[in-house]
Q: 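One structure coming up, written as structure tokens, with questions to follow.
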Amino acid sequence: MTNTTSLKRRTVMAGAAAIGGSFTFGFNVPQFGAQAAETAPELNAWVVIHPDDKVVIRIARSEMGQGTLTGLAQLVAEELECDWSKVTTEFPTPTQNLARQRVWRNFSTGGSRGVRESNQYVREGGAAARDMLVRAAAAEWKVKPDECSVDKGVITHKASKRRLTYGKVAVAAAKLEPPKSVKLKDPKDWKIAGKPLKRLDTMDKLTGKQVYGIDLRLPNMLTATIKAAPVFGAKVVSFDADKVKTMPGVKGVVKVGDTAVAVIAETYWTARNAIAALPVVWEETPNAKVSSETIAAMLKEGLDASEAFVGNKAGDAKAAIAGAARKVEAVYSYPYQHHVTMEPMNATALYTPDKCEVWCPTQNGEAALAAASAASGLPAQKCEVYKLLLGGGFGRRGRTDYVHQAVQIAKQMPGVPIKLVWSREEDMTHCQYHPITMCKMVGGLDDKGNLVGLHVRISGQSILSSVLPQNLVNGMDPVQFQGFAASGVEAAYGYSVPNLLIDHAMRNPHVPPGFWRGVNTNQNAIYMESFMDELAHAAGQDPLEFRRKMLKPKWLAVLNAAAAKAGYGKKLPKGHHHGVAQIMGYGSYVAAVAEVSVSDAGVLKIHKITAATDSGHVVNPAQVERQVAGSFVYGLSAALYGEITIKDGAVEQTNFDSYNVMRIDEMPKVETVLVPSGGFWGGVGEPTIAVAAPAVLNAIFKATGKRIRSLPLMNHDLKKA
């Protein structure tokens, strides 16, 4: 089926005259964004064609290892019908986007939305450019465009067999009116999209050519590092700059807002040593009395509180549970988690009274631009953000605190580029953490072992109340119910339970929460899928069969696919056990089967995880498989080791010696089953994280007879019960 869409001129061209003509953006430190010559014209906002047939595809979303840069380029190239071997990419800047009435639309890259939210309009951009190129060739030949065909960037007139490459007609094509509408290809006809092509950014990473924010070098650049209040929200009372400002290489000691101080120096190491020696007096606040124990008590109170926001309700769960033949109850908990990006927070800023420029790894170029404008006091039109590849994002670089700080520091030394680099300790203790929650699960089974009533009470922190309070709905945080939502295309609940109540008692400690890869599907999958195993055990039924009776079709399909691939129910090696889990998140349906063993000494070995994913359409199967494997690295690291604890109001963990991550010898074999059912676009970067931990926890129960209801696993004795 061909998808026909309306294409407005503004969407494709958006008035290049608004910024003085067409342009391309090259990565030439320290300048980004050279103007395109007439010989390399812009066909539209997404496509630039050079005379040598090189195709430059502009990508507005950020690249942080997930492959969005390659995936989006594939979608544009597919509709453009160009030669993939000639494709390169570049980032437009948010100020250029602003000047062109947001022709590139959303720069935000999070929530697994890079491909699923922008696939339509980037494909339209490629199709429109192809149409213009073909019309330009047809005009030169004085034939009808429908008499021409395109293959790998070569236009052929069928009757006369005349041929022209894209590079030969690009200048003429750029002068044509864009089409009012375009026909997009049916995915079954894809030749570039849908294929496991190699990523465009791999070679530069392998050779060390790739420049990350922390690598950036500008002429006359100085380096700064920062020290913020250890207790969140506390202010700087005083600091003694005289103690460090005479140290060799130190160029300045400055206050940064109300809550931090920074040292500017010739090198990072000099700045780091000076900030460590700088005496700072911090404000005393009541938050200094907060600990992990007081937070746990706050959350525990919420489990039985009378007031809670209802996220999903059907029938009368409490009455059904009260009248059930058997009642099953359990309390689970999930700790604060850190993003642990390998590249700590950093940004480089150059401020003058007339312009502020920022070079940074960011998941949201427009938010970074807004931060630069706010911190500099200049209008956004006089600021610019040059986006670099990220050395890890995971949601952390969707925030802009480090950008704001870099500009505040640079503003105190006008005309000098200042690169702010957080130490690992600063990064560890001043994150926006995955929120902490507890969950009380109560289920009622009838005399035949059917689930007749279920009450899920979540008690814990709301991200939106801290980050985007304007998105609360009558005080409720809808993001809290990811994977538990009654309906929708984002993260709907997959079980058919006749009497259901899922609610949230909001409890917000002072520790700042943030979006952490997978966000609330992570703990919600643990709560639901672990408890489903508990219910199955109480009912005397196989966990897979127990689920099959209640799961809706798409949820069931991925679970069946994973189970079949893993050989669930078949004989395993001695001491090996399977655990299952499933969820819908970020528009995709995912399931996992974990195979584990636990030695007599209590040593856990995760041998294999088999994962099934239905994301509707698949742009690059190889990237999806790697994303799934990477998701399990992230999810299992959290399950095994991830825990941020609070003492005297501050984070206790300061580096990888106290916040461990998974090592390569601990990584299980991953088998991926792609079962795209078509008709929708789901995300792949985050959904499968959620099923890693519950699948493993359920397999551990089979191996040991112990039900683990809190993470990380390092806190538990796994010797057999």
Side-chain angles (χ1 to χ4, degrees), residues 483 494-495 518 521-522 524-537 541-585 588-598 604-615 624-636 638-640 662 666-676 684 686-704 707-708 713 718:
Y495 292 104
T521 56
N522 293 312
N524 289 347
I526 292 170
Y527 300 155
M528 191 68 257
E529 292 303 289
S530 295
F531 192 62
M532 276 295 170
D533 258 44
E534 294 207 46
L535 290 167
H537 183 72
Q541 299 176 29
D542 176 79
L544 180 58
E545 295 304 322
F546 185 75
R547 287 173 170 82
R548 281 173 169 162
K549 294 187 298 181
M550 295 179 285
L551 278 174
K552 299 168 188 175
K554 285 191 179 293
W555 289 259
L556 178 58
V558 289
L559 184 59
N560 282 339
K565 182 70 173 179
Y568 185 93
K570 296 180 180 179
K571 187 176 181 180
L572 292 171
K574 185 178 179 181
H576 289 217
H577 300 271
H578 274 153
V580 303
Q582 64 74 41
I583 199 170
M584 178 199 183
S588 291
Y589 305 84
V590 297
V593 178
E595 181 181 334
V596 314
S597 64
V598 180
L604 170 68
K605 176 69 175 177
I606 307 169
H607 298 275
K608 184 171 73 171
I609 297 186
T610 305
T613 299
D614 179 3
S615 58
V624 174
E625 291 177 2
R626 291 163 192 148
Q627 279 279 54
V628 170
S631 294
F632 287 147
V633 175
Y634 208 69
L636 292 176
L640 292 169
M662 196 176 186
E666 298 172 287
M667 183 63 191
K669 178 182 178 181
V670 175
E671 289 189 342
T672 303
V673 187
L674 302 183
V675 286
V684 297
E686 296 174 270
T688 48
I689 297 174
V691 292
V696 168
L697 291 173
N698 291 334
I700 288 173
F701 174 75
K702 284 187 178 180
T704 65
R707 184 67 65 182
I708 307 300
L713 285 166
L718 297 184

Q: For a quick test of reading the model, state the closest non-hydrogen atom pair linking Tyr495 to Lys552 and the distance between them.
A: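 Answer, listing the atom of Tyr495 first, then Lys552: O-CE, 3.8 Å.
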Q: How long is the gap from CG on Asn522 to CD on Glu686, to the nearest 0.5 Å?
A: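 Between atom CG of Asn522 and atom CD of Glu686 there are 8.5 Å.
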Q: What pair of heavy atoms forms the shortest contact from Phe632 to Ala592, and how long is it?
A: CZ-CB, 4.3 Å
Q: What's the spacing between Ser530 OG and Leu535 CG if we round to 0.5 Å?
A: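 It comes to 11.0 Å.
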Q: Working note: Val675 + Val558, criterion side chain to side chain contact (heavy atoms under 4.5 Å, CB included); need CA distance, chi angles, decisive distance, verdict.
A: CA-CA 7 Å; Val675 286; Val558 289; 3.8 Å; yes
Q: So Pro694 and Ile583, do their side chains get closer than 4.5 Å, heavy atoms only?
A: no
Q: Could you go step by step and tell me if Leu713 and Leu697 meet the side chain to side chain contact (heavy atoms under 4.5 Å, CB included) rule?
A: CA-CA 9 Å; Leu713 285 166; Leu697 291 173; 3.8 Å; yes
Q: List the atom of Pro676, the atom of Asp614, and the distance in Å for their closest heavy-atom pair.
A: CA-OD1, 3.4 Å
Q: Crowded around Lys669 NZ? As in, over 12 foreign heavy atoms under 6.0 Å?
A: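 Open.
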Q: State the CD1-CD distance between Ile689 and Gln627, to the nearest 0.5 angstrom.
A: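 Reported value, rounded in 0.5 Å steps: 8.5 Å.
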Q: Is there a donor-acceptor contact under 3.5 Å linking the side chains of His607 and Glu595?
A: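 Their side chains do not contain a donor-acceptor pair, so the 3.5 Å distance test is not met.
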Q: Should Glu666 and Ile606 be marked as a side chain to side chain contact (heavy atoms under 4.5 Å, CB included) after you check the CA-CA gap, both sets of side-chain angles, and the distance that decides it?
A: CA-CA 8 Å; Glu666 298 172 287; Ile606 307 169; over 6 Å; no
Q: Evaluate whether atom NZ of Lys565 has more than 12 neighbouring non-hydrogen atoms of other residues, nucleotides or ligands under 6.0 angstrom away.
A: no
Q: From Gln541 CD over to Arg548 CZ, what is the distance, rounded to the nearest 0.5 angstrom?
A: 12.5 Å
Q: Please report the interatomic distance CD1(Ile708) to CG(Asn698), rounded to the nearest 0.5 Å.
A: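 Between Ile708 CD1 and Asn698 CG, I get 11.0 Å after rounding to 0.5 Å.
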Q: So Asp533 and Arg547, salt bridge (Lys or Arg N to Asp or Glu O under 4.0 Å) or not? Walk me through it.
A: CA-CA 9 Å; Asp533 258 44; Arg547 287 173 170 82; 2.7 Å; yes
Q: Determine the minimum heavy-atom distance between Ala699 and His577, stating which atoms define it.
A: CB-O, 3.7 Å
Q: On a heavy-atom basis, which atom in Ala536 and which in Pro543 lie closest, and how many Å separate them?
A: CB-CA, 3.8 Å
Q: Drop me the distance from Glu625's CD to Glu671's CD, to the nearest 0.5 angstrom.
A: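 Separation between the atoms: 10.5 Å.
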Q: Considering only heavy atoms from C-beta outward, does the side chain of Val628 approach that of Val684 to under 4.5 Å?
A: no
Q: Minimum heavy-atom separation for Val580 to Leu559, with atom names?
A: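 Shortest heavy-atom separation between Val580 and Leu559 comes out as CB-CD1, 4.2 Å.
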Q: Mind running side chain to side chain contact (heavy atoms under 4.5 Å, CB included) on Leu544 and Val593 for me, showing each step along the way?
A: CA-CA 10 Å; Leu544 180 58; Val593 178; over 6 Å; no
Q: Taking the side chain as every heavy atom from C-beta outward, state whether Met584 and Lys554 have any pair of such atoms under 4.5 Å apart.
A: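 Met584 does not reach Lys554 side chain to side chain.
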Q: Is the closest side-chain heavy-atom distance between Val691 and Ile609 below 4.5 Å?
A: no
Q: Which residue is it: Leu551, Val590, Asn560? I am looking for the one with a side-chain contact (heavy atoms from CB on, under 4.5 Å) to Gln582.
A: Leu551
Q: Could you label the plane-to-plane angle of the His578 and Tyr568 rings as parallel, tilted or perpendicular, counting under 30° as parallel and over 60° as perpendicular?
A: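 The rings of His578 and Tyr568 lie parallel, inter-plane angle below 30°.
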